[in-house]
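For reference, the structure is listed below as structure tokens.
Chain letters run A, B, ... following the sequence lines, proteins first and then strands; every chain starts at 1.
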Amino acid sequence: MIDVKLVNFVGGFAENKDIARDIRLSKIIPALDEGKTVVLDFGGIDSATQSFVHALISDLIREYGNEVLEKISFKSCNETVKKIITIVVDYMQESD
Amino acid sequence: MKIHLPNSAFLGNIDPFLRSFDPSEPDKLVITSNKNWISIHPVVLSMVAALGLTVDSSCITCESLEAKSRHYLERMGLFKFLKIQSGIAVVEHEPAGRFIPLTQIKDSETLTKFVTEMMPLLHLEPKHADPIRHIVTELVRNVIEHSLSHYGAILSAQYFKKTNTIRIGVVDTGVGIWATINNAYRPKNDIEAIRLALTPGITGTTRREGGTEFNAGAGLFFIKSIATVNRDFFMIYSGKGMFKLLKRDTNSIRLHADPSKDRHSEHNDYPFWQGTVVGVDISLNTTEEFSLLLDLIDKVYKEAIKERKKERYKKPIFV
């Protein structure tokens, strides 16, 4: 299991898509490919944009299928962040 | 190019201002203004500044401003932006809580830094800060990623005490929405391209549902939704097309995936703007909780994808 503390990369407002992509490519995908589970820790983040969350996880759902959601968990999300993650997860699954 | 700063130009009455813009002779810029009073939305300033960047400062003619409110233009940084002398001496005040002067953002790192520094300047409660941060970052990222503009995004914002409203303008002089959307769709004109850009899940980067790894085609829909829910104006102008979301006139809140179902006005015969202009008003009196808005967006977004999938279903042939 790996724990990615996002606030260390993006600060309190998660909006930088370039950083989101870097985290996905350099941390999440290698961990998943090694069979590890991934905890995306949103502690300390008070808001995130849909674009950030999309750049962070949409391609995982597309590439690994929605089963990947059993291997990724979202920790310490406030209500806003939970809803934005839900929007992205929902539309990606609807888009299959 | 000629642009006239009128007596009043806010999103509700911006149409005559836009129609008066003259894009001919793009290698020079003539700025004129109302003699008595200038009261304008930040998007107007952003437009003038964005045009100014595209021409050499020696080719900018700015009529001597007589209106009392010319100090406002100085304080918002217009003359500094245009690299011309205004001849106005202004005592600098702490800008906190009042406005964000004209700012040019050309890359992702600058945007991140700007957003971090901007929010304290506006002195907003979290309820207001969330939608405004979303609007600014999504609009500026659109410019950085899609406009191909050498000059990036030009933005400005101001708090208007009388209406308790934050007004934001983000402008670029890039390829425009038609060219961006035309990479994946075939809009027949600018207003059709704008409507597509406002539809959730439609992006110029792919026709695939869910977008690419980097683009979902949701940014402008989010912004239009924020404005719809809060009964705010939202205006987007690109090429000859202009779409303006009008204030909701009923108490029931309903988001539409199809922008033509929104209460709006649209035109496709405006003077050609090379690039994209977006103006938004966020009333701090009517701001709904951001989480309520997100629930509505989730519902409408999923319905829109289902509808589009359904349109592609093969139909049984009955003989």
Note to self: If you count heavy-atom pairs within less than 4.5 Å of chain B, which of Ala20(A), Gly12(A), Gly11(A), Ala48(A) leads?
What the structure shows: Ala48(A)
Next item on the list: State the CD1-CZ distance between Ile84(A) and Phe290(B), to the nearest 0.5 angstrom.
Entry: 5.0 Å
Next item on the list: State whether Glu213(B) and Arg62(A) are salt-bridged, where the test is any N-O pair (Lys NZ or Arg NE/NH1/NH2 against Asp/Glu carboxylate O) under 4.0 Å.
Entry: no
Checklist line | Pairwise side-chain contact, Ser95(A) with Lys309(B), heavy-atom cut-off 4.5 Å (strictly under) | finding: no
Margin query: Do Gln50(A) and Glu138(B) make a side-chain contact, defined as non-hydrogen atoms from C-beta onward lying under 4.5 Å apart?
Written below: yes
Next item on the list: Could you tell me whether the side chain of His54(A) and the main chain of Ala218(B) form a donor-acceptor pair under 3.5 Å?
Entry: no
Notebook entry, point to check: Which residues, numbered in order, of residues 295-305 of chain B come under 4.5 angstrom of chain A by heavy-atom distance?
Noted result: Asp295(B), Ile297(B), Asp298(B), Tyr301(B), Lys302(B), Ile305(B)
Notebook entry, point to check: What residue in Gly211(B), Gly201(B), Pro200(B) has the most heavy-atom pairs under 4.5 Å with chain A?
Noted result: Gly211(B)
Margin query: Check this for me: Arg208(B), atom CZ, are more than 12 non-hydrogen atoms of other residues, nucleotides or ligands nearer than 6.0 Å?
Written below: yes
Note to self: For Lys71(A), I'd like to know if atom NZ has over 12 heavy atoms of other residues, nucleotides or ligands within 6.0 Å.
What the structure shows: no
Margin query: Quick check on Arg141(B) against chain A: is it the side chain, the backbone, both or neither that has a heavy atom closer than 4.5 Å?
Written below: side chain
Note to self: Quick check for you: to the nearest 0.5 Å, what is the distance between Leu294(B) atom CG and Thr80(A) atom OG1?
What the structure shows: 6.0 Å
Margin query: Under a 4.5 Å cutoff for heavy-atom pairs, which residue among Leu111(B), Thr116(B), Asp130(B) has the most contacts with chain A?
Written below: Asp130(B)
Check: Under the 3.5 angstrom rule, does the side chain of Lys83(A) hit a backbone N or O of Ser291(B) as a donor-acceptor pair?
Finding: yes
Notebook entry, point to check: Checking Thr86(A) against chain B: side chain, backbone, both or neither under 4.5 Å from a heavy atom?
Noted result: both
Next item on the list: Could you walk me through whether Phe13(A) and Val115(B) pass side chain to side chain contact (heavy atoms under 4.5 Å, CB included), step by step?
Entry: CA-CA 9 Å; Phe13(A) 180 47; Val115(B) 172; 3.5 Å; yes
Notebook entry, point to check: What is the distance from atom CZ of Phe52(A) to atom NE2 of His134(B), rounded to the nearest 0.5 Å?
Noted result: 11.5 Å
Note to self: I'd like to check Lys17(A) versus Asn215(B) (side-chain heavy atoms, cut-off strictly below 4.5 Å). Are they in contact?
What the structure shows: yes
Notebook entry, point to check: Could you state the interatomic distance from OG (Ser51(A)) to CZ (Phe222(B)), rounded to the nearest 0.5 Å?
Noted result: 8.0 Å
Check: Checking Ser108(B) against chain A: side chain, backbone, both or neither under 4.5 Å from a heavy atom?
Finding: both
Notebook entry, point to check: Would you call Glu15(A) and Arg133(B) a salt bridge, taking side-chain N to carboxylate O under 4.0 Å as the test?
Noted result: no
Checklist line | CD1 on Ile135(B) to OG1 on Thr49(A), rounded to 0.5 Å | finding: 13.0 Å
Check: Rounded to the nearest 0.5 Å, how far does OG1 of Thr112(B) lie from CD1 of Ile19(A)?
Finding: 5.5 Å
